[in-house]
Protein chains: 2
Amino acid sequence: MDSKDLKSAGLKATLPRLKILTFLQSSPVRHMSAEDVYKAMLESGEDVGLATVYRVLTQFESAGLVTRHHFDEGHSVFELNLGEHHDHILCVKCGKVDEFTDQVIEERQHEIAKKQGYTITDHALVIYGVCPDCQNA
Amino acid sequence: MDSKDLKSAGLKATLPRLKILTFLQSSPVRHMSAEDVYKAMLESGEDVGLATVYRVLTQFESAGLVTRHHFDEGHSVFELNLGEHHDHILCVKCGKVDEFTDQVIEERQHEIAKKQGYTITDHALVIYGVCPDCQNA
DNA sequence: ATTATATTGAGAAAGATTCGCATTTGTATC
DNA sequence: GATACAAATGCGAATCTTTCTCAATATAAT
């Protein structure tokens with residue numbers, strides 16, 4: 001049962017929150033817009049308002065359950081946190097999102113922040129390109 | 001005269017474009033939203049519509065005169081291109097934007113793209129943190 | 001100067017997100 | 001398990017950013 005996850009995140013275990021969290025955990029697609037989540041709720045017959053989807057996703061973000069990304073699109077994209085940090089490589093043709101981590105880049109970023117006197121809180125690295133599939137089309 | 005810049009960018013030298021380009025070139029602030037540019041036009045008594053500001057900035061982007069950034073804010077930020085590529089480090093408290101380049105990171109990104117089979121077209125790296133000034137406040 | 005075409009301004013429209021508020025739900029209490 | 005109270009929800013309105021429409025205007029070529 002997911003209500004444990006919500007409770008431990010400091011959130012009341014309400015039906016909309018449970019439905020959304022369950023959906024995020026079970027979906028094979030890991031990067032979704034609020035609209036995507038809303039549509040998925042509709043399709044599963046779950047009655048959750050769009051405003052609630054936005055509210056819940058924002059609460060999940062504050063609680064550390066999801067991460068909000070701002071790729072070069074006009075809307076936010078949410079991703080369930082599975083522990084390990086990673087960056088993204090995104091196909092500009094089909095929109096596919098892949099992930100990667102690079103220890104060298106991670107370290108350099110901390111050095112750069114330190115050199116400039118910043119206390120680093122977060123970072124976002126997105127590589128844009130054409131994926132293998134789209135190169136043959 | 002800036003009309004040369006516009007002509008060589010393949011753009012007709014119209015008054016709004018000249019005014020906006022001149023403003024971008026003369027402003028000490030390098031990262032601005034469309035709204036910022038629009039307000040600046042109003043303040044200098046220049047009569048340029050908001051829709052035109054958006055259109056012109058988008059054209060400038062296509063022409064390679066400016067770069068559009070999507071930081072973790074709800075709007076695009078534009079920056080006049082001065083030749084050299086660079087990444088950004090942004091203060092989450094005061095919103096200040098600093099720049100940096102790191103050859104190691106640049107190279108790693110190309111390696112990562114290649115390893116995943118992508119043809120890299122662009123990339124965006126933003127480090128978020130607290131700047132030196134804001135740490136003492 | 002004249003013409004054909006691209007550009008502009010203003011407001012409407014669209015897309016994403018948030019807000020306000022009456023109603024409902026979850027949870028602690030009895 | 002019923003009750004009460006705060007928190008959460010749904011809906012539509014409101015807001016914000018950005019784009020679109022189209023008549024009026026400015027630009028570049030003739």
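We name chains A, B, ... by the order of the sequence lines, and we start the count at 1 in each one.
In this entry the distance linking CG of Leu6(B) with C1' of dA6(C) reads 14 Å, nearest Å. When rounded to the nearest whole Å, the span between CG of Asp36(B) and P of dT18(D) equals 11 Å. Per the geometry, CD belonging to Glu61(B) stands 12 Å off P belonging to dT18(D), to the nearest Å. To the nearest angstrom, P of dT18(D) lies 10 Å from CD of Glu73(B). Gln59(A) has its CD atom 10 Å from the C1' atom of dT9(D), to the nearest Å. In this structure, Arg17(B) atom CZ and dA26(D) atom P are separated by 15 Å, rounded to whole Å. Rounded to whole Å, atom C1' of dT7(C) lies 14 Å from atom CG of Asp47(B). In this structure, the OH atom of Tyr38(A) is 15 Å from the C1' atom of dG15(C), given to the nearest Å.
Residue His88(B) is tested with Val77(B), Asp98(B), Val97(B) for a side-chain contact (heavy atoms from CB on, under 4.5 Å); the sole match is Val97(B).
Look at Glu99(A) and Arg30(A) and you find a salt bridge, because one of the NZ, NE, NH1 or NH2 atoms lies within 4.0 Å of a carboxylate O, short of that distance. Between Glu111(A) and Lys114(A), no side-chain nitrogen of the basic residue sits less than 4.0 Å from a carboxylate oxygen of the acidic one, so the salt-bridge criterion is not met.
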Spell out protein contact along nucleotides 17-30 of chain C as letters: B when the base is contacted, S when just the sugar-phosphate is, - when no protein heavy atom is under 4.0 Å; keep the 5' to 3' order. BBBB-----SS---
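Note: His86(A) and His31(A) have perpendicular aromatic rings, judged against thresholds of 30 and 60 degrees for the angle between ring planes.
Although no hydrogens or angles enter the test, the distance criterion places a donor-acceptor pair under 3.5 Å between the side chain of Ser26(A) and the main chain of Phe23(A). Formation of a donor-acceptor pair under 3.5 Å by the Arg17(B) side chain with backbone atoms of Leu11(B) is not found in this model.
Annotation: His123(A) is in aromatic contact with His85(A) [ring centroid separation under 6.0 Å].
Across the helix from dA1(C)-dT30(D) to dC30(C)-dG1(D), the helix axis at one end is tilted relative to the axis at the other end by 40° (nearest 10 degrees, each axis from five pairs).
Residues forming a salt bridge (charged side-chain N to carboxylate O under 4.0 Å, His left out) with Glu46(B) (at least two apart in sequence, or on another chain): Lys19(B).
We find the CD-SG distance between Gln135(A) and Cys91(A) to be 8.5 Å, quoted to the nearest 0.5 Å.
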